[in-house]
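To start, the structure under review is shown below, and the notes come after it.
Every chain is numbered from 1, with letters handed out A, B, ... down the list of sequences.
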Amino acid sequence: MRVRNAWRKQFSAEKPRAPFSFHGGLKLDTSKRALTRFNSTGIKELPLPAKLVVPLIDYHKNNIEPLVNIQQTVSRGQIIAPGIISPAYGTVSVIEPCEFIHPGGLSVNSVVIDTHANNSENPPVSIPSAKAAQAMINSFAEQPIETLEQAALVGLGGAGFPTLHKIKSANNGIHTLIINAAECEPEIACDEALMLAEPEAIALGIETLVQLTQCQQCIIAIEDSKPLAQQQLSEAINTFDVNAAIMTIPTRYPTGAETTLIEVVTGKRLAYRNANSPTTKSQTTPSEHGIVCINIGTAHALWQMVERNQALDSRVVSLGGSNMRNPCNVRVRFGTPVNFVLSATDNTPDNAHTRIRAGGPLSGFDLHSLNAPITANTNCILAEAAFIETPAQPCIRCGQCADVCPVKLLPQQLHWYAQSEDHDKCAQLNLAACIECGCCDLVCPASIKLTETFRYAKSTARFLSEQNQKADEAEQRFKNREERLKQREADRKAAIEKRKQAVKSQDKKTNTDRIKAALERARTKQKSSKD
Amino acid sequence: MLKPILDTQAVSLKTLNTQHIMLWVLAALLPGVFVYAWFISPLVFFNIALAAVLAVVFEALALYWRGQAIHGGVQDGSIVVAAVLLALAVPPLLPFWQLAVGVFIMVMLGKQVYGGLGNNPFNPAMVGYAALLVSFPQTMTLWSAPDLLNQLTLGHLLNAKLSLDLLNPNLLIDWDGITRATPLEHLRTLKMQGLSVDQNLAQQQFISSGWVWTNLAFLLGGLLLLYRRIIQWHIPASVILSFALCSLLFSAQNVPWYLSVFSGALMLGAFFIATDPVTAASSNRGRLVFGAGIGALCFIIREFGGYPEGFAFAVLLMNLCVPLIDHIDMHWGTSA
Amino acid sequence: MSEYALILLTTVLVNNFVLTQFLGLCPFMGVSRTLETAVGMGLATTFVLTLASALSFLIDHWLLQPYDLTYLRTLSFILIIAIVVQFAEIVIRQRSPLLHRVLGLYLPLITTNCAVLGVALLSSRQHHSLLEAVFFGFGAALGFTLVLVLFSLLRERLNGANVPDAFKGNAIGLITAGIMSLAFMGFSGLS
Amino acid sequence: MTLPALVGLVVLLAALVFIGAALARLSRPINTEGHSGDEQLIEKVNNLLPQTQCAQCGHPGCRPYAYAIIKQREPINRCPPGGDRTIADLAELLGTTALPLDSSCGEQKPIQVAIIDESVCIGCTLCIHACPVDAIVGAGKLMHTVISDQCTGCELCLPPCPVDCIDLVSPATSTSDWQWPRPA
């Protein structure tokens, strides 16, 4: 099961452990594709566009309210909404729904910033001596962890989960810190480019993370297809004496995904083997097990925070795909529209049939509009030739999908039940554990769109359970209302009854009293008038 | 504009499509077919051709009735594979119209009423075979004798085969002359008469009948499929193992287990019939159970049942259990 | 001991009441839509069949035969079955109202389930002993439950199949039952 | 008929009468307990209903409809908001066949929420009283507003409004409840 390799012995002799394996997965052959790898010319800096678009949306895809007004001047790094910072110095020109990178081509309320001409450039990260670096890290680590909020750190792997939340959600402490230096998908090379360009900053960022999380071990997982990057990083780690070990993992899609990476590094399977708890919580989060997975780009961004107090406002984006004229890696400020990135690198599609994708060939999607801005989740922009649809044939249940599924599901069974909308069966077959990697689609001899069906089934199941919850709440409110109305009616009846009773019981007495009183008053009046 | 969500063409990965899989299965059947034709009867070519043509015609007809694209439905080749399997399973001398009935049942009741490829719970070829076996028990157990083949012309045999008049007494006498029971049927007859079987004689008969060689040829084809990863090892291995184990432990007949494994339709069944993925269990664990069930049932029917060869029934019975196997498997967790 | 095992095996597989004798087809088609109902029906039928075959044996041997009343056999057997069914219905209604509701009419209809009466009559015709009769009934019920459960799971799977409109529902159910019965013919002659 | 036969007949009849009486006795106390079983069943049916409380089924709420389904054998196809999915779920629960929606109750519409035109609203509080799920807030002489998250789209607030200022609109697709499309 275990894969031996020579790299491990050479660079991390004190922690000799071979990576574990995981079920399924695919060796994807990408050698024929236009790649940015190895012949890359480093990371290109992109000029700042005149207009930046910052979508006001959080990790859970909920809209958030802005903290700035129109015409307000914002500085770089200023918080403009909870968890969101302004990527540049400029003026808020408008706050309106704008397109963003979304599979459905939706728009979301966004802050549009007109950038000012005298914006500061990104100076190259300066690398201090090992001693000075340790001092800086120590003083940073002594600050409360909430300081990280200013950095607006989110995972740069593709999902964009806030790093601070990730670290804080590990209630029982962090045992293992995994630095993800494996690219998610074959077409992406942004992590590799960063490792080649700035290994020292990454190494120092990792050291900061180790100090912050107080973890017992830190493992940097690099795919064996990047020996050069590994060498660079390992030298930097030795130079700064970082408490981390490098583990070379086999290049097999989808090792870069969190679930599989954790399995490869620690041998623990977290996300699956839970057939009997439908819909609700079929997955346990890694932090519950004391494992935290952080992307290498995030570590780099953290070092920028330590070194010059700069928040995360840009990232490296791979420009690739078969129809990309100048494939390269560029550092892009968040909020830069995709078409600006393409035109600035002379990659504007010359062909109407060229599709521009974000997120990779497998877990990504085609963009509806090139006006959508780059965000922390955008690890690549791909230009691909027109898609030739292969019509799906009937499933013969050959089971090749089950053989490659990295989370050991039975896609053929899931597909059968997802198509007939049997959501209970899907839940029993643990559909929620599907990581939507697309391996099953790739091997399917009948070209069935399995992953699309699963995404649909998952979102429908979620929709139904939300509806159910809403219905429960509505029922509760209805019950409360009934109760209230009943109570009110009862109160009213009781009040009437009480009055009646009061009238009845005091009937005679009061009446005679009243007459007496009236007579008395009349008499006294008479008397007084006489007098 | 089309917005593909999964860009499968961006990742170059060589995979087989359904048509390729079916072609590979047909190719893997070839050695078995030739050995069968050599040792048992060359009439099998006629049967295969007839069954394949009829199957395609019936399939096209059914697709036309259902208002579906005929070309797309037929071209995957699955029905041809099923037809060849049925033609290999029936005796070579089966009258052609009976074979046609079998093919019709296979296509219509076995496959198309359930919605075509991928929807049928039962193995279509075995549905056709079982229907033929219970409908025409007399002709379905007529096997030609290999040593007599040389003395009769092929035309003679074809003539007998094409005859519509099944119950013609002259023909029956004629057939008695040219047919002989398979070793399994011979064993069965002996058992019925309460006679014990001499081991050496049985061995000799098993080997000389050519069934062993045919089975070996099918094993060869099966190994090819395994090597090409068209099929997985789970089902054939468990079928053969459970059958061998059963005959080793419980067989009352004097036939060594290594010979009974290579008799009848066991190899053809284990590698080509039971591995039909549509009607087999889903998970690898389930497939082991599925295969073991087939092996055991096949042994039980051969040893104690009323039919000389029980593979078809064993497959159908386990097809019946597939939803149960999947159900239990699902509740035991998804990982195999 | 082996004779009882043989009775069980024969009634469950070889002479399966549903698939080879075609008795009790009405609940077989009616309550096989989901696994839960199938299991519930199977349990109810097992209870009724086992108890009914024992009771009918007793009535037959101690009442009908000594007093020469065998012409009342069918009548009294039906009465016994009705009593046992009533009892089962009461128990189920108490234990699982949902199952009671789901089985609906099919529960009292066990009374007219020809398999139940058939088992009682066949048992008396074959001159079984008491224990044999009980095993006979139990085996028949076990066979009924087995095929009912298998059939219900098959039908659950067929829900997702692309069956032509003309064959949807009971039509494909009957065809499937036919092929099941074909498969069970493999057991014929088993000795 | 001989004497023993007559005796046997009498014995048989006596036994049957006795058993019948025993069964009748047995079933009586259980019947009252069967009541609680029905309660469970009503609860299960109620859980499947959409809880819009729209009364389109002709019952004053979802629970009364559930009660009617179990106790009065009301058809299961009288819930327009739940539509075919609810009918299918009910059919599966109760082991009956799914019927098409009874069009006399109404038609299944996409999810809607009520919205009050605040410039027209006169603050009469009539809609607040009509809302079965307390999704409208406001006070007398002040304009009202619908809490769109809690609105079930039951349309019960439409008839009482004297100025006709309530509309039903389909809620805007927000990014949080966007769904992947069904593959072709």
Any idea which heavy atoms bring C/Asn162 and B/Asn119 closest together, and the distance? N-OD1, 3.2 Å
Using every non-hydrogen atom in the two residues, find where C/Arg157 and B/Gly118 come nearest and quote the distance to one decimal. NH2-O, 4.3 Å
C/Ser152 versus chain B, the contacting section by heavy-atom distance below 4.5 Å: neither
So CZ of B/Phe122 and CD1 of C/Ile175: to nearest 0.5 Å the spacing works out to 11.0 Å
CG-CG distance between B/Leu320 and C/Leu146, expressed to the nearest 0.5 angstrom: 8.0 Å
Between B/Tyr114 and chain C, which part of the residue has a heavy atom less than 4.5 Å away: side chain, backbone, both or neither? both
Residue C/Phe57 excluded, over 12 heavy atoms near CZ under 6.0 Å: yes
C/Val147 versus chain B, the contacting section by heavy-atom distance below 4.5 Å: neither
Answer yes or no: are there more than 12 heavy-atom neighbours, outside C/Phe167 itself, under 6.0 Å from its atom CZ? no
With only heavy atoms counted, which part of B/Val322 is less than 4.5 Å from chain C, the side chain, the backbone, both or neither? side chain
Identify which part of C/Phe184 has an atom lying under 4.5 Å from any heavy atom of chain B, answering side chain, backbone, both or neither. both
So for B/Val113, is it side chain, backbone, both, or neither that comes closer than 4.5 Å to the heavy atoms of chain C? both
Using a cut-off of under 4.5 Å for heavy-atom pairs, which of B/Leu317, B/Leu316, B/Ile300, B/Val315 has the most such pairs with chain C? B/Leu317
Portion of B/Leu297 that has a non-hydrogen atom of chain C nearer than 4.5 angstrom: side chain
With a 4.5 angstrom heavy-atom cut-off, could you sort out which part of B/Ala314 is near chain C: side chain, backbone, both or neither? neither
Should C/Leu150 and B/Cys321 count as side-chain neighbours, where that means a heavy-atom distance under 4.5 Å? yes
Atom of B/Gly115, atom of C/Pro164 and distance for their closest heavy-atom approach: N-CD, 3.9 Å
B/Asp326, part contacting chain C, at a heavy-atom distance under 4.5 Å: neither
With a 4.5 angstrom heavy-atom cut-off, which part of B/Gln68 approaches chain C: side chain, backbone, both or neither? side chain
Non-hydrogen atoms of B/Ala131 and C/Leu182 that approach each other most closely: N-CD2, 3.7 Å
